[in-house]
Amino acid sequence: MINIVYTPNFLHQYKKLSLSLREEIKEKVELFRSDPRHPFLKTHKLSGKFDGLFSFSVNYVYRIVFMYDSKDTVALLSVGDHDVYKA
């Protein structure tokens with residue numbers, strides 16, 4: 001099972017979202033914690049200015065960007081629609 005660290009930026013973005021979306025995010029984070037490669041998440045490596053970072057899908061619109069702190073620990077960096085990649 002993966003350990004999750006929430007960065008201040010992630011928490012700031014998360015708090016701005018609707019209650020229903022926050023619940024969906026919690027469900028997907030728990031799914032990620034138990035199986036980071038679950039097909040529903042569409043986990044993938046990012047490239048370009050985000051080289052070394054990864055992303056998984058919350059739904060068709062929202063994504064979570066993360067990085068591995070260690071083999072078993074992940075830091076959630078940001079959450080949002082595709083604009084999250086413009087950071």
Side-chain angles (χ1 to χ4, degrees):
M1 187 172 285
I2 298 286
N3 295 314
I4 305 282
V5 175
Y6 300 91
T7 63
N9 184 59
F10 176 89
L11 293 173
H12 177 74
Q13 293 169 338
Y14 175 82
K15 289 176 185 176
K16 291 182 174 183
L17 302 173
S18 70
L19 181 60
S20 62
L21 185 54
R22 290 193 311 247
E23 289 300 319
E24 191 173 2
I25 289 168
K26 286 179 191 177
E27 291 172 10
K28 291 303 188 325
V29 168
E30 285 307 310
L31 179 58
F32 178 79
R33 185 188 312 267
S34 62
D35 183 3
R37 294 190 176 126
H38 193 286
F40 286 169
L41 299 173
K42 300 179 186 138
T43 304
H44 61 283
K45 190 173 187 176
L46 300 175
S47 59
K49 68 179 182 178
F50 295 102
D51 192 36
L53 301 181
F54 298 81
S55 177
F56 68 85
S57 296
V58 173
N59 55 33
Y60 289 111
V61 176
Y62 283 84
R63 312 281 184 268
I64 293 177
V65 176
F66 67 95
M67 64 182 272
Y68 284 93
D69 282 344
S70 68
K71 180 181 173 187
D72 298 328
T73 303
V74 164
L76 301 185
L77 304 174
S78 58
V79 59
D81 58 18
H82 269 94
D83 288 344
V84 76
Y85 299 126
K86 294 180 183 176

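These figures come from a predicted structure and were not determined experimentally.
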**Asked** Mind checking whether Tyr6 and Met1 sit in one hydrophobic cluster, side chains of I, L, V, M, F, W, Y counted as touching below 4.5 Å?
**Response** no
**Asked** Can you get from Phe56 to Val5 by hopping between Ile, Leu, Val, Met, Phe, Trp and Tyr side chains that sit under 4.5 Å apart?
**Response** no
**Message:** Give me the atom names and distance for the closest heavy-atom approach of Val58 to Glu24.
**Reply:** O-OE2, 3.5 Å
**Pro36 versus Thr43, closest heavy-atom pair with distance** = O-OG1, 2.8 Å
**Distance in Å, Leu46 CG paired with Asp51 CG, rounded so as to fall on 0.5 Å steps** = 9.0 Å
**Request:** Measure the CG-CD distance between Asp35 and Glu30 for me, rounded to the nearest 0.5 Å.
**Result:** 13.0 Å
**Message:** Check for me, please, whether Val61 and Ile64 land in the same ILVMFWY cluster - side-chain distances under 4.5 Å, paths through other members count.
**Reply:** yes
**Fill in**
To the nearest 0.5 Å, atom OH of Tyr14 lies from atom CG of Leu21 at 8.5 Å
**Nearest non-hydrogen partners of Met67 and Leu53, listed with the distance** = CB-CD2, 3.6 Å
**Prompt:** Taking the six-membered ring where the residue is Trp, are the ring centres of Phe32 and Phe66 under 6.0 Å apart?
**Reply:** yes
**Message:** Please report the interatomic distance CG(Asp69) to CD1(Ile4), rounded to the nearest 0.5 Å.
**Reply:** 10.5 Å
**Prompt:** Do the side chain of Asn9 and the main chain of Ser78 share a donor and acceptor less than 3.5 angstrom apart?
**Reply:** no
**Complete:** Rounding to 0.5 Å, atoms CZ (Arg63) and CG (Leu41) come to a distance of 11.5 Å
**Prompt:** About how many Å separate CZ of Phe10 and CD1 of Ile25, when rounded to the nearest 0.5 Å?
**Reply:** 6.0 Å
**Asked** Val29 and Phe54: same hydrophobic cluster, using ILVMFWY side-chain contacts below 4.5 Å?
**Response** yes
**Message:** Would you say OH of Tyr68 has more than 12 non-hydrogen atoms from neighbouring residues, nucleotides or ligands within 6.0 angstrom?
**Reply:** yes
**Asked** Do Tyr62 and Leu17 have side-chain heavy atoms sitting under 4.5 Å apart?
**Response** yes
**Message:** Take a 6.0 Å sphere around NE2 of His12 and say whether it holds more than 12 heavy atoms from other residues, nucleotides or ligands.
**Reply:** no
**Complete:** For Gln13 and Val79 the tightest heavy-atom approach is OE1-N, 2.7 Å
